**Student:** 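I have a structure I would like to understand better, so I am pasting it below and will then ask my questions one at a time.
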Amino acid sequence: MRILHTADWHLGRTLEGRSRLEEQEQFLAELVEVVKDQKIDAILMAGDVFDTVNPPATAEGMFYDSVAKLSQQGACPIITIAGNHDSPNRLSASSPLAGVQNIHLFGYPVNNIVKVPVGGEMLEVAALPYPSESRLNELLSENSDEKEIRNSYDARIQGIFSNLASQFTKGAVHMAMSHIHVAGGSASDSERPIEVGGAYTVAATSLPEEAQYVALGHLHRPQNVGRAKTLARYSGSPLAYSFSEAGYTKSLSIIDVVPGGKAELTEIPINSGKPLVRWKAKHGIQEVYQWFEEGKDTSAWIDLEIHLTDALSMEEIHRLRKEHNGIIHIRPVFHYEETLSEEEKVKDIPIDEAFRRFYERQTGGGAPDSRLMELFLSLVHEEEEE
């Protein structure tokens, strides 16, 4: 049996207000081709289909159109669970229609495994949608101590998996799937936390060893889970959603497995989407214009850091953005700041000068006018008087 594991599509997500829908549409089209070319038998989608509980209609349309193509009129079963970004009710609302095409949508944690015939074999999946206290409809600990909350949460998730895994039958392929944070996983800035202070974290050893493979969602970097008692993996997001993911290789995970056998993992790289790139122009703005002339990273999203002696004018900022419409951030670094320690940068700086520097950083080199400075200082004085 050949199973494809994917997760964290985040359909509808933007990058600092820039639409990613076109890139997401390209990924979904690429996914359809991979499923056909790799002769995939079934698909596991481990949560965060959408980026918000109320996604734009375009994103919903992309999802339903794509899973209809992926299922190939029911020939390729798809099992999808809700992540912390998804509305469980909204995701599962179309289940009666989706089920006709062998598309199985689960919003809330369930007590029974999913059984799906695949060819002449049976695929059994212990599927656990994002298990928050509210979605479990349980208070896991009355104590506010973080360690106790974490232990209670871990024990509850282990118990759920144990119950589901006990339903596995001999002669079937056994898989588990969830959208959780497993301790030790490498996170990036684009994951909005599903745990508070690490309280909602699951130990790797709590993942069900009865499963031949555990398909995970939430962390955006593709990675295996160390210390798990069976092969467990985050497939990662198909696109880079923050500059902390610059340089990540995005991929799909394909698992070849037979009943009772060891799962074999293959990574298929994803070619869709613009890369997120960090530029550091240590020789000033002319170095940036040189890169423009060379055609550097013309189809990328850019986080630009420029080392300067003077602040950029608004005209220069507009010109930079006009030259490359993929520039997201422009962060000036002034030469005098480079020689200061972090303590020196904030020590003994007048409040108005601190505000002026803050404003320059936030606006990419802009300077606050006199009216804005007066307003800021008046607010500071009011706070001091209170």
Side-chain angles (χ1 to χ4, degrees), residues 3 5 7-8 42 44-49 79-89 91-92 95 104-116 122-143 146-170 172-185 191 193-196 198-219 224-235 255 263:
I3 299 169
H5 166 208
D8 296 284
L44 302 181
M45 200 292 170
D48 279 354
V49 173
I79 302 173
T80 299
I81 59 173
N84 57 301
H85 287 250
D86 299 312
S87 163
N89 291 323
L91 181 67
S92 59
S95 291
H104 308 270
L105 306 173
F106 297 93
Y108 290 98
V110 293
N111 295 320
N112 299 309
I113 61 172
V114 186
K115 294 188 177 185
V116 182
M122 182 66 72
L123 171 63
E124 297 181 345
V125 182
L128 178 59
Y130 168 53
S132 64
E133 284 186 319
S134 61
R135 296 189 191 184
L136 289 169
N137 197 27
E138 296 179 36
L139 178 64
L140 299 178
S141 176
E142 294 183 359
N143 194 311
E146 181 180 310
K147 186 176 181 180
E148 279 205 30
I149 294 173
R150 183 171 61 247
N151 290 340
S152 297
Y153 185 76
D154 179 67
R156 185 68 183 99
I157 301 307
Q158 186 179 27
I160 292 172
F161 272 134
S162 179
N163 171 60
L164 292 171
S166 69
Q167 301 172 40
F168 286 150
T169 60
K170 190 175 181 180
V173 167
H174 302 148
M175 312 289 280
M177 174 168 60
S178 191
H179 194 91
I180 51 178
H181 185 209
V182 178
E191 296 116 19
I194 60 175
E195 73 284 348
V196 179
Y200 295 122
T201 302
V202 177
T205 52
S206 295
L207 300 176
E209 61 181 314
E210 298 90 345
Q212 293 162 272
Y213 179 83
V214 182
L216 296 169
H218 179 54
L219 299 186
N224 288 354
V225 176
R227 299 187 299 278
K229 297 177 182 178
T230 188
L231 179 58
R233 179 173 175 81
Y234 285 98
S235 66
I255 306 95

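Everything numeric here is computed off the predicted structure, so don't read it as measured data. As a basis for the values below, the full set of heavy atoms in this structure was taken, side chains included, without hydrogen atoms, waters or symmetry mates.
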**Student:** Could you check if a side-chain atom of Tyr200 sits within less than 4.5 angstrom of a side-chain atom of Ile149, using non-hydrogen atoms only?
**Tutor:** yes
**Student:** Is a donor on one side and an acceptor on the other found under 3.5 Å between the side chain of Gln167 and the backbone of Asn111?
**Tutor:** yes
**Student:** If you define the side chain from C-beta out and look only at heavy atoms, does anything of Thr205 sit under 4.5 Å from Lys229?
**Tutor:** yes
**Student:** Testing the basics here: between Ala127 and Leu164, what is the closest heavy-atom pair and its distance to 0.1 Å?
**Tutor:** O-CD1, 4.2 Å
**Student:** Indicate yes or no: at least one non-hydrogen side-chain atom of Phe168 is less than 4.5 angstrom from one of Pro208.
**Tutor:** no
**Student:** Has the side chain of Glu124 got a donor or acceptor atom that lies under 3.5 Å from a matching backbone atom of Ala172?
**Tutor:** no
**Student:** Please find the pair of heavy atoms, one from Phe106 and one from Leu91, that lie closest to each other, and give the distance.
**Tutor:** O-CD2, 4.1 Å
**Student:** Just by modelled atom types, is the Ala7 backbone N or O under 3.5 Å from a matching donor or acceptor in the Ser235 side chain?
**Tutor:** yes
**Student:** Where is the tightest heavy-atom contact between Gly226 and Ala204, given as atom of each residue plus distance?
**Tutor:** O-CB, 3.3 Å
**Student:** State the CG-OG distance between Asn137 and Ser132, to the nearest 0.5 angstrom.
**Tutor:** 10.0 Å
**Student:** With sequence neighbours excluded, what pairs up with Ala215 under the side chain to side chain contact (heavy atoms under 4.5 Å, CB included) test?
**Tutor:** His5, Leu44, Met177, Tyr213
**Student:** Between Pro129 and Gly107, what is the shortest heavy-atom contact and its length?
**Tutor:** CB-O, 3.4 Å
**Student:** How would you list, by chain and number, every residue that makes a side-chain hydrogen bond (donor to acceptor under 3.5 Å, both in side chains) with Asn89, sequence neighbours excluded?
**Tutor:** Tyr108
**Student:** Can you name the side-chain hydrogen bond (donor to acceptor under 3.5 Å, both in side chains) partners of Arg233, sequence neighbours left out?
**Tutor:** Asn224, Ser253, Glu267
**Student:** Would you name the heavy atoms of Ala203 and Val182 that are closest together and state the gap between them?
**Tutor:** C-CG1, 4.2 Å
**Student:** Heavy atoms, side chains only, cut-off 4.5 Å: are Thr169 and Lys115 in contact?
**Tutor:** yes
**Student:** Measure the OG-NE2 distance between Ser178 and His218 for me, rounded to the nearest 0.5 Å.
**Tutor:** 11.0 Å
**Student:** Looking at Ile160, is its backbone amide N or carbonyl O close enough to the side chain of Asn163 to form a donor-acceptor pair, meaning the two atoms are under 3.5 Å apart?
**Tutor:** no
**Student:** Under the rule for side-chain hydrogen bond (donor to acceptor under 3.5 Å, both in side chains), what residues qualify as partners of Ser206, not counting sequence neighbours?
**Tutor:** Asp154
**Student:** Measuring only between side-chain heavy atoms, which start at C-beta, is His181 closer than 4.5 Å to Leu219?
**Tutor:** yes
**Student:** A side-chain contact here means heavy atoms from C-beta on lying under 4.5 Å apart; do Leu128 and Ile81 qualify?
**Tutor:** no
**Student:** Salt bridge (charged side-chain N to carboxylate O under 4.0 Å, His left out) with Glu148: which residues, sequence neighbours excluded?
**Tutor:** none
**Student:** Suppose we screen for side chain to side chain contact (heavy atoms under 4.5 Å, CB included). Which residues come up paired with Lys147, at least two apart in sequence or across chains?
**Tutor:** Asp145, Arg150, Asn151
**Student:** With Ser95, which residues qualify under side chain to side chain contact (heavy atoms under 4.5 Å, CB included), at least two apart?
**Tutor:** Ser92, Leu105
**Student:** Does Tyr130 reach the main-chain N or O of Arg135 with its side chain, forming a donor-acceptor pair under 3.5 Å?
**Tutor:** no
**Student:** Please examine the side chains of Pro131 and Ile180, heavy atoms only from C-beta on, and report whether any two atoms are closer than 4.5 Å.
**Tutor:** yes
**Student:** Run the side-chain hydrogen bond (donor to acceptor under 3.5 Å, both in side chains) test against Asp48 and tell me which residues pass, sequence neighbours left out.
**Tutor:** His10, His179
**Student:** Using the test side chain to side chain contact (heavy atoms under 4.5 Å, CB included), find all partners of Thr230 that sit at least two apart in sequence or belong to another chain.
**Tutor:** Val214
**Student:** Identify the heavy atoms of Ala46 and Leu216 that sit nearest to each other, and give their distance.
**Tutor:** CB-C, 3.6 Å
